[in-house]
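Structure record follows, encoded as structure tokens.
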Amino acid sequence: MRVRVRFAPSPTGPLHIGGARSALFNYLFARHHQGVLVVRVEDTDLERSRSEYEDEILASLDWLGLTWDEGLRVGGPHAPYRQTERLDTYRQCAEVLLERGLAYPCFCSEEELEAERAGLIAKGETPRYLGTCRNLSEEERAARRQAGIVPTIRFRAPQDRLYVVEDLVRGRVAFEGNTIGDFIIMKSDGIPTYNFAVVVDDHLMEITHVIRAEEHLTNTPRQMMIYEAMGWEMPKFAHVSLILGEDRQKMSKRHGATSVIQYRQRGYLPEALVNFLALLGWAPEGQEELMTLDEMVRAFSLERVARNPAVFDLDKLNWMNQQYLKRKSTSELGMLLRPFLEEAGYGAQVAALGEARYRILVEGVRDYLVCLSDVGEYARPFLDPPRYDSEAEAVLAQEGVAEMLARCRVCLGALEGGLDEAQSLLKELPGMLGVPARQVYRPLRVALTGKTTGPELPFLVAVWGGQGTEERLQRAFAFLSARKA
RNA sequence: GGCCCCAUGGUCAAGUGGUUAAGACACCGCCCUUUCAAGGCGGUAACAGGGGUUCGAAUCCCCUUGGGGUCACCA
């Protein structure tokens, strides 16, 4: 049978790191088995669902390079793929359960339910619905409807049974039926609840493997009950452990960036994020960690997915992003960097540079970048005039520095061409001046950039050209004479 | 609180009864170098604790401890 898996986010927020990894594992599994990946949206929470989030989630999947074969946007034989457009289907299924006596209307108020729950917790028992409305007579039901109470529909959960999930990553997990009370499958407004809608959709969409986060593990017995009651075949389940923050708590807003777009905005590459996420909870057989999506597809298997939760390690993501950045061609990197330079306020200056000099700037800056948004910081010495602080002052004020710089100015001002010329000219400089290399470069760097560290001098000088370099030296002289006065 | 999951260095992890317990990130040191990075080489560092089973346990079982999840008219 052909493998069919799905990614089914709720549009209640942007795509989260954890959601992205679930999507990725489903993608890898589907592709590895030449199966089908379905993307549908679970928007039955009318309060919190928003279509903007749906768009945003799909855009994040696009950005990550995770494509799907069926569902939202692409359509397919089981349309529609948005749960709020499938309400009739759920109602019909609920009707079937009602007719078979496997579900019943419940008239309990929220207050009553709350009190019941509190009471059970106080007694040290599993909080669950004890079945107040389970065996009401038709007359009693009619009376309550008469009184204007709109019921929910509850599923009659079998009590004396053991539900065993044969989980593909966790192994055999058993749940006692009597720890699960009758649960609501249809809210009073006629919208299905999650546990009901997933089962209906997964069955109708012929899903063969449900790969999802571990937080759903304890929902599984409820869903198994529904499969049984409807007489449907169950899919295989695979519950992937959670991604934790550095404090070992479940990742949440207070851990900083948790959504895919945030990483995109910070300048992480999609291939780096995908690679990093894949290695959180999964390990290929070999030693190689840097892998393309296709390589991951080939190597992926659920047997190698870890059971223990994984802490999100930003250091490693940073390293990985840097590795991918290093592998980019200069022209591609140049294109990727442009929006980030604009963001940093260097749009006009970069445009004024022209192609050739921009390329040199990119070359001069590329080894320093951890993520694309770092470019503002490293491009600054190329684009902003130098400003001298006390450390710079100390260097420039040294004996003989002003004279040495004046002679540098003559040499550098004559510069015409590109990087190669700048490179050789700077190399010859100490010899021409008869000064040890270190005593040339350090003061020169400080004079030109105001800093003792930064990009390599030849790149800077080549981007500025002879004239620009001279102007900067001029500034240094101005600073020195202002200081004397 | 009930139920469920998990437990190898700071982090990700390999390991599936016999290994000097891989590798990666981070950290530290050295080299390279006109600075800082990058790069190269090397180093520190782990089987949560206690009981079993076994000739032999990181690997199997039990308990403890610790972490997490879940018990909604949220998904």
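Just so it is clear, the values below take in all heavy atoms, side chains as well, and ignore hydrogens, waters and symmetry mates. Remember, predicted model here, so these are calculated numbers, not experimental data.
- Annotation for A:L279 and A:P284: closest pair CD1-CD, 3.9 Å, computed over non-hydrogen atoms.
- Atom CZ of A:R304 has more than 12 neighbouring heavy atoms from other residues, nucleotides or ligands inside a 6.0 Å radius.
- Remark: A:R248 is in phosphate contact with B:U11, judged by side-chain N or O atoms under 4.0 Å from OP1 or OP2.
- One finds a salt bridge joining A:D202 and A:R40 here, because a Lys/Arg side-chain nitrogen approaches an Asp/Glu carboxylate oxygen to under 4.0 Å.
- With respect to the salt-bridge test (charged N to carboxylate O, under 4.0 angstrom), the residues A:E295 and A:R298 do not qualify.
- No option in A:V38, A:L58, A:N26 other than A:L58 meets the side chain to side chain contact (heavy atoms under 4.5 Å, CB included) test with A:W68.
- A sub-4.0 Å separation between OP1 or OP2 of B:U34 and a side-chain N or O of A:R445 is absent.
- Separation of the P atoms belonging to B:U54 and B:C61 is 16 Å when rounded to the nearest angstrom.
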Output field dot_bracket for RNA chain B (Watson-Crick or G-U, both distances under 3.5 Å, | for other-strand pairs) contains ((((((((.[[[..)..(....]]].(((((.......)))))....[[[[[..)....]]]]])))))))....

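- Across all strands shown, A:P309 has heavy atoms under 4.0 Å from sugar-phosphate atoms exclusively, and none from any base.
- For B:U59 and B:C47, the P atoms lie 12 Å apart once the distance is rounded to whole Å.
- Note that A:R445 lies outside the cation-pi zone of A:Y441, set by a 6.0 Å cut-off to the ring centre and a 45° limit from the axis.
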Let me have a per-nucleotide readout for nucleotides 36-45 of chain B, 5' to 3', with B, S or -, counting only protein heavy atoms under 4.0 Å.
BBSS------

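- Between the base of B:A14 and the side chain of A:E285 there is no donor-acceptor pair shorter than 3.5 Å.
- Within a 6.0 Å sphere centred on NZ of A:K187, other residues, nucleotides and ligands contribute more than 12 heavy atoms.
- If you take atom P in B:G43 and the same atom in B:A22, they sit 12 Å apart, rounded to whole Å.
- OP1 or OP2 of B:U33 has not a single side-chain nitrogen or oxygen of A:K427 nearer than 4.0 Å.
- The residue among A:F312 and A:A8 whose nearest nucleotide of RNA chain B is located toward the 5' end is A:F312.
- Residue A:R212 is classed as having no contact, given no heavy-atom separation below 4.0 Å to the nucleic acid.
- When all heavy atoms of A:S373 and A:R266 are compared, the closest pair comes out as OG-O, 2.6 Å.
- Proximity of A:K187 to the phosphate of B:C74: a side-chain N or O atom is located under 4.0 Å from OP1 or OP2.
- Between A:Y194 and the choices A:Q83, A:H216, A:R222, the side-chain hydrogen bond (donor to acceptor under 3.5 Å, both in side chains) rule is met once, by A:H216.
- Taking 3.5 Å as the limit, the base of B:A75 and the side chain of A:N219 contain a donor-acceptor pair of atoms between them.
- Here the separation of B:U64 from B:C3, taken at their P atoms, is 12 Å to the nearest Å.
- Between B:C28 and B:A13, the distance separating the two C1' atoms is 22 Å to the nearest Å.
- Of all the residues in residues 150-179 of chain A, A:T152, A:R170, A:V173, A:A174, A:F175 reach under 4.0 Å from RNA chain B with at least one non-hydrogen atom.
- Within the nucleic acid shown, A:E42 comes within 4.0 Å of sugar-phosphate atoms alone, with no base atom in reach, counting heavy atoms only.
- Using a 4.0 Å cut-off, some side-chain N or O of A:N308 falls inside it from OP1 or OP2 of B:A13.
- In this structure, A:F312 has its ring center closer than 6.0 angstrom to the ring center of A:F276.
- In this structure, A:T126 does not reach the B:G1 phosphate: none of its side-chain N or O atoms is under 4.0 Å from OP1 or OP2.
- Within the 4.0 angstrom heavy-atom criterion, only backbone atoms of the sugar-phosphate kind lie near A:T44; the bases stay farther away.
- Here, B:A37 and B:G29 have their P atoms 12 Å apart, quoted to the whole Å.
- Taking a cutoff of 4.0 Å between a charged side-chain nitrogen and a carboxylate oxygen, A:E271 and A:R327 do not qualify as a salt bridge.
- Across all strands shown, A:H239 has no heavy atoms under 4.0 Å from either base or sugar-phosphate atoms.
- Heavy atoms of A:G281 sit under 4.0 angstrom from primed sugar atoms or phosphate atoms, though from no base atom.
- Looking at the side chain of A:K316, the nearest of the listed nucleotides B:C12, B:A75, B:C73 is B:C12.
- You'll find that the side chain of A:E215 is closest to B:G69, out of B:C73, B:G69, B:U11.
- Side-chain rings of A:H209 and A:F25 stay apart, their centers remaining 6.0 Å or farther from each other.
- Checking the phosphate oxygens (OP1, OP2) of B:C4, no side-chain nitrogen or oxygen of A:R222 falls inside 4.0 Å.
- The gap from the P atom of B:C25 to that of B:A21 amounts to 22 Å, rounded to the nearest Å.
- Each of B:A72, B:G23, B:A75 was ranked by its minimum atom distance to the side chain of A:Q287; first place goes to B:G23.
- For A:K250, counting side-chain heavy atoms from C-beta on, the closest listed nucleotide (B:C73, B:U70, B:A75) is B:U70.
- Using the six-membered ring where Trp is involved, A:Y227 and A:F237 have ring planes that are perpendicular, over 60° apart on the 30 and 60° scheme.
- Counting non-hydrogen atoms under 4.0 angstrom, A:R366 reaches nothing in the nucleic acid.
- For A:R438, the CZ atom counts as loosely surrounded, since its 6.0 Å shell holds 12 or fewer non-hydrogen atoms of other residues, nucleotides or ligands.
- Set against B:A13, B:U11, B:G15, the side chain of A:V311 has B:U11 as its closest nucleotide.
- A gap of 12 Å separates the C1' atoms of B:U16 and B:A57, to the nearest Å.
- For A:S188, taking side-chain heavy atoms from C-beta onward, the closest of the listed nucleotides B:U70, B:C73, B:A75 is B:C73.
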